[in-house]
Amino acid sequence: MIRIGREGGRKSVFAGYHPLLNFMFFGYAVSVPIFFLHPLLLIISLASALAYSIYLGGRKAALFGLGFVLPVMLLAAAFNPLFFHRGETIIYYFYYNPITLESIIYGLCNATMIGSVILWFTCYNAIMTSDKFIYLFGRLVPAMSLIIAMALRLIPRYQAQVQRIVAARRGIGFDVSTGGYLTRVRNGGEVLSVMVTWALENGIETGDSMLARGYGLPGRTAYSNYRFDSRDRLLLASFLGLMTTDLFCLVTGTLSVQYYSRFMWENIQPFASIALVCHAAVSFLPLALELREDALWRSLRSRI
Amino acid sequence: MPGPEKRRLSNRTKVAAVLVILCIPLVIAINILFFEDRSYYITSFVIIALSMVPFALVFEGRKPQARELVVIAVLVALTVAGRTAFFMVPQFKPVVAMVIIAGASLGAESGFVVGALSAFVSNFIFGQGPWTPWQMFAFGIIGFIAGLLFYQLAASIGAPSRDGSMRPENASYLKWYDINRLGSNVRARRRVERLRILVLCVFSGTATFVLYGFLLDTAAVLMFTSGEFSWTGLVATYVSGIPMNAVHASATVCFLLLLAKPMIEKLERVKKKYGLLGAQA
């Protein structure tokens, strides 16, 4: 996986919305392609995921798409026809195993699904930072989210502490960068040993400090950096409207597709096209918000 | 000291855990009845996610103390730091070794929490994905089993004899914290210590190869063939996964050989020094 984020310091607009909306969007975006394996739906998902991840990550995301997602998709597309031989249109015999058109189509659809899920997750990693996750689930699993928050904070702290231990040991003549190979390994091991002991002792001290400040008492409040403002309300309303319409149309089966034993693709009825339009609207909404903000930014700047 | 009352689970937690377990067959039934294409991936994904809920409920339900929370957070942070330190070498990671150490010296429950949260937290760095719940469950269950084998079970085997003294022949080979009860018999101590490390290594190698490899390979197959299930595909994936799983298992054993003794000694020392987590005084 890669880390993607806006270059040039400007933050993503969608990331500025309430964490609930971020989470809701990604929950929808990831689960719809998994649940409803319809070719058109999948193409919309893949296109929007690719567009948004490239918008968020730039060239790095495009390279990730080419170098990781595409091979995985090809592998997935090849996997299906090689191991599944259902379907009535046999086009080739591969070592006495029939390769059917239906399983090729199914493999392609499945590959599209996998590609869009992976790409959505790259966007998720850029938007849903750990603090947002902890904010959302802190009430539900307070102890565990506290552990997550503490562990995330401790990792950079340990990196800094290792530097200090190395410096201190250099001062008393145990430099990790000089001496023979074995000496250096031994000195490096000592650094880690000191590090772990320090980490545990320091942790106990932190725990005692927490206790002294009243951890575990009733009436605990949580720091929160998020508030649900009118902008969030508007987006929530549009998400809810579009998503429920879409899910209603999908669940009632207007957009059904049959892969075996013969690929059958239902005619686009009015309901089905509503489902597709809603799905596209939701999937492209964050990107649209970003682009609108960019346009606004450019127009304001040119006026100055 | 967690007394017997603190250890007891609240009824609400018990009911919730039972409900979650009942949910699993329900999920399977819904999938069979309503999704004719039988999406194995979704079902297994939901089951894996649900099966972690009882562990979380039990952990949250007993309101862990601040010290315990911090020690777990420290172990999670060290494990994640270990995983990031070896980011260049695929599959050669100290995560399972650290999780097993945590389970062995802090108990099954803490072992699960350290395992599952290490997977989750490290994926904030490596990237969350559809594999996250599978990794969380795999690491968690390995830590849980390590705790069962090397902490609680061992504690019941190695109970003190009737006169209260602890003779070497009563000492459990697997129980970590009673090494000092073997007295001044240095050779016996060393023998016990070696045997423990050996047992731990055999367990960790097997657990990594079989449990982690099996779970994550199954997840990959189910993802690749999301609608259906094929034995040949499964076997092909397992076979192609053997080299990677072998690397992972041997990495775990290597890291345990290096880390088990110093890490467990440090943890036992902290437990004894601060009277933590029901350590024997």
Side-chain angles (χ1 to χ4, degrees), chain A residues 1-3 30-31 34-35 37 75-76 79-80 82-84 86 106-107 110 113-114 117-118 121-122 124-125 128-130 133 140-144 146-155 157-159 189 193 195-197 199-211 215-216 259, chain B residues 35 37 39 41-42 45 56-57 59-60 63-81 84 113-114 116-118 120-121 123-130 132 221 223-228 230 232-234 236-237 258-259 262-263 266-267 269-270 273-274 276:
Chain A
M1 273 322 247
I2 49 152
R3 271 257 148 258
V30 167
S31 49
I34 295 180
F35 275 101
L37 218 60
L75 202 64
F79 194 90
N80 205 63
L82 288 179
F83 290 103
F84 294 98
R86 282 166 66 190
Y106 188 86
N110 202 30
M113 183 273 280
I114 293 172
V117 168
I118 294 175
F121 265 107
T122 63
Y124 172 94
N125 289 323
M128 277 296 285
T129 46
S130 53
F133 185 88
L140 202 64
V141 279
M144 283 193 174
L146 185 60
I147 293 177
I148 294 169
M150 283 197 284
L152 281 167
R153 190 264 168 277
L154 286 174
I155 296 160
R157 185 167 194 188
Y158 291 170
Q159 283 164 350
S193 167
M195 178 64 231
V196 172
T197 309
L200 287 168
E201 295 260 342
N202 179 67
I204 295 286
E205 260 175 47
T206 311
D208 289 348
S209 167
M210 282 162 64
L211 202 64
Y215 173 79
Y259 289 93
Chain B
F35 291 91
D37 60 342
S39 314
Y41 185 73
I42 302 161
F45 186 92
L57 282 174
F59 185 72
E60 298 284 347
K63 300 251 184 305
Q65 297 295 305
R67 276 178 168 184
E68 188 185 349
L69 279 185
V70 182
V71 170
I72 290 174
V74 166
L75 283 171
V76 170
L78 289 172
T79 309
V80 176
T84 42
V113 175
V114 170
L117 292 188
S118 297
F120 188 64
V121 171
N123 280 353
F124 277 118
I125 298 162
F126 288 93
Q128 308 282 0
T132 302
V221 173
M223 182 85 186
F224 266 28
T225 60
S226 87
E228 294 175 276
S230 126
T232 47
L234 196 65
T237 311
L258 283 173
L259 296 174
M263 276 300 295
K266 283 180 204 302
L267 281 165
R269 181 181 150 276
V270 166
K273 181 174 173 186
Y274 297 101
L276 201 71

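Per chain, numbering begins at 1; letters A, B, ... match sequence-line order.
Highest contact tally toward chain B, considering only A:Ser209, A:Gly216, A:Pro142, is held by A:Pro142 [criterion: heavy-atom pairs under 4.5 Å]. No other option in A:Met210, A:Met128, A:Met144 has as many heavy-atom pairs under 4.5 Å with chain B as A:Met144. When A:Val117, A:Ile147, A:Thr197 are compared by the number of non-hydrogen pairs under 4.5 Å with chain B, A:Ile147 comes out ahead.
Taking the six-membered ring where tryptophan is involved, the planes of B:Phe120 and A:Phe133 are tilted, since the angle between them lies from 30° to 60°.
For B:Ala77, the side-chain contact (heavy atoms from CB on, under 4.5 Å) partners at least two apart in sequence or on another chain are A:Ala151, A:Leu154, A:Ile155, A:Tyr158. The side-chain contact (heavy atoms from CB on, under 4.5 Å) test applied to A:Thr129 returns A:Asp131, A:Lys132, not counting sequence neighbours.
No part of B:Ser118 comes within reach of chain A, as not one of its non-hydrogen atoms sits under 4.5 angstrom from that chain. Looking at A:Val141, both its backbone and its side chain come within 4.5 Å of chain B, counting heavy atoms on both sides. Contact of A:Leu146 with chain B is made through the side chain alone, with heavy-atom distances under 4.5 Å. For B:Val74, the parts sitting under 4.5 Å from any heavy atom of chain A are the backbone and the side chain alike. Contact annotation for B:Leu117: only side-chain heavy atoms (C-beta onward) come within less than 4.5 Å of a heavy atom of chain A.
Residue A:Tyr215 comes nearest to B:Pro64 through the heavy atom pair CE2-O, 4.0 Å, listed as atom of the first residue, atom of the second, then distance.
Expressed to the nearest 0.5 Å, how far OG of A:Ser130 lies from CG of B:Asn123 amounts to 12.5 Å. Separating the CG atom in A:Asn125 from the CD1 atom in B:Ile125 is a distance of 11.5 Å, to the nearest 0.5 Å. To the nearest 0.5 angstrom, B:Ile72 atom CD1 is 9.0 Å from A:Met150 atom CE.
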Applying side-chain contact (heavy atoms from CB on, under 4.5 Å), run through B:Val71 and A:Ile204 and close with a yes or a no.
CA-CA 7 Å; B:Val71 170; A:Ile204 295 286; 3.8 Å; yes

Pair A:Glu201, B:Tyr274 - check side-chain hydrogen bond (donor to acceptor under 3.5 Å, both in side chains), show working.
CA-CA 9 Å; A:Glu201 295 260 342; B:Tyr274 297 101; 2.8 Å; yes

As a quick check of understanding, evaluate side-chain contact (heavy atoms from CB on, under 4.5 Å) for A:Leu211 and B:Arg67, giving each step before the final call.
CA-CA 8 Å; A:Leu211 202 64; B:Arg67 276 178 168 184; over 6 Å; no

Show, in sequence, the C-alpha distance, side-chain angles and deciding distance for A:Ile148 and B:Phe124, and conclude whether the side-chain contact (heavy atoms from CB on, under 4.5 Å) test is met.
CA-CA 10 Å; A:Ile148 294 169; B:Phe124 277 118; 4.1 Å; yes

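Of the residues listed (B:Lys266, B:Lys273, B:Arg269), the one engaging A:Leu200 in a side chain to side chain contact (heavy atoms under 4.5 Å, CB included) is B:Lys266, and it is the only one.
Using a distance-only test at 3.5 Å, with no hydrogens or angles considered, a donor-acceptor pair links the side chain of B:Glu60 to the main chain of A:Ala143.
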